[in-house]
S.K.: 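Pasting in a structure now, in structure tokens, and then I'll have a few things to ask.
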Amino acid sequence: MDSTIIIGTIVFGVLWLVVSVIIIIISGRSVNDARLKSEYRGMSLSLTFLGAFCMWLMWISVYMHQKNPLIQPILKEKVPNL
């Protein structure tokens, strides 16, 4: 496995953890009910994880397709030198 993939995955994981800690600190400040506060935090963390996973999946797909393309460009006509 390429070391860039491992480093990128670690970066996405660290960013997710930082955002999760910020969300835990910020979430539910305006809610007084403890049950609603815990539900709000759970929903926020779930959506944060889902967003981070989708961004990582998009990044890994683009990276792997650029590293090993399936289709190579074919020049159909010669372009004159300018």
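The first residue in the sequence is number 1, and the count goes up from there. The figures here come from the full heavy-atom set of this structure, side chains too, leaving out hydrogens, waters and symmetry mates.
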S.K.: Please enumerate all residues that pass side-chain contact (heavy atoms from CB on, under 4.5 Å) together with Leu36, with sequence neighbours excluded.
M.R.: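 For Leu36, the residues satisfying side-chain contact (heavy atoms from CB on, under 4.5 Å) (neighbours in sequence not counted) are Val31, Asp33, Glu39.
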
S.K.: Which atom names give the shortest non-hydrogen contact between Thr4 and Tyr63, and what distance separates them?
M.R.: CB-OH, 3.4 Å

S.K.: Which salt bridge (charged side-chain N to carboxylate O under 4.0 Å, His left out) pairs, counting each pair once, include a residue from residues 46-71, with sequence neighbours left out?
M.R.: Asp2-Lys67

S.K.: According to a hydrophobic-cluster definition based on side-chain heavy atoms being under 4.5 Å apart (Ile, Leu, Val, Met, Phe, Trp, Tyr only), do Val11 and Val19 belong together?
M.R.: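 Different clusters.
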
S.K.: Could you state whether Ile5 and Phe12 fall into the same hydrophobic cluster, counting links through intermediate Ile, Leu, Val, Met, Phe, Trp or Tyr residues with side-chain heavy atoms under 4.5 angstrom apart?
M.R.: yes

S.K.: Could you tell me the separation between the CD1 atom of Ile24 and the CZ atom of Arg41, rounded to the nearest 0.5 Å?
M.R.: 7.0 Å

S.K.: Can you give me every donor-acceptor pair (side chain of residues 48-61, partner residue at least two apart or in another chain, under 3.5 Å) with its distance?
M.R.:
unit_1, atom_1, unit_2, atom_2, d
Thr48, OG1, Ser44, O, 2.6
Trp56, NE1, Thr9, OG1, 3.0
Ser61, OG, Leu57, O, 2.8

S.K.: Pairs in or reaching into residues 49-65: which pass salt bridge (charged side-chain N to carboxylate O under 4.0 Å, His left out), with residues at least two apart or in two chains?
M.R.: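 Counting only pairs at least two positions apart or across chains, no salt bridge (charged side-chain N to carboxylate O under 4.0 Å, His left out) contact touches residues 49-65.
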
S.K.: Does Ile25 have any side-chain contact (heavy atoms from CB on, under 4.5 Å) partners at least two apart in sequence or in another chain, and if so, which?
M.R.: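 side-chain contact (heavy atoms from CB on, under 4.5 Å) list for Ile25, sorted by chain: Val21, Arg29.
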
S.K.: Going by the salt bridge (charged side-chain N to carboxylate O under 4.0 Å, His left out) test, which pairs reach into residues 6-20, not counting sequence neighbours?
M.R.: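 Output for this query is empty, none listed.
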
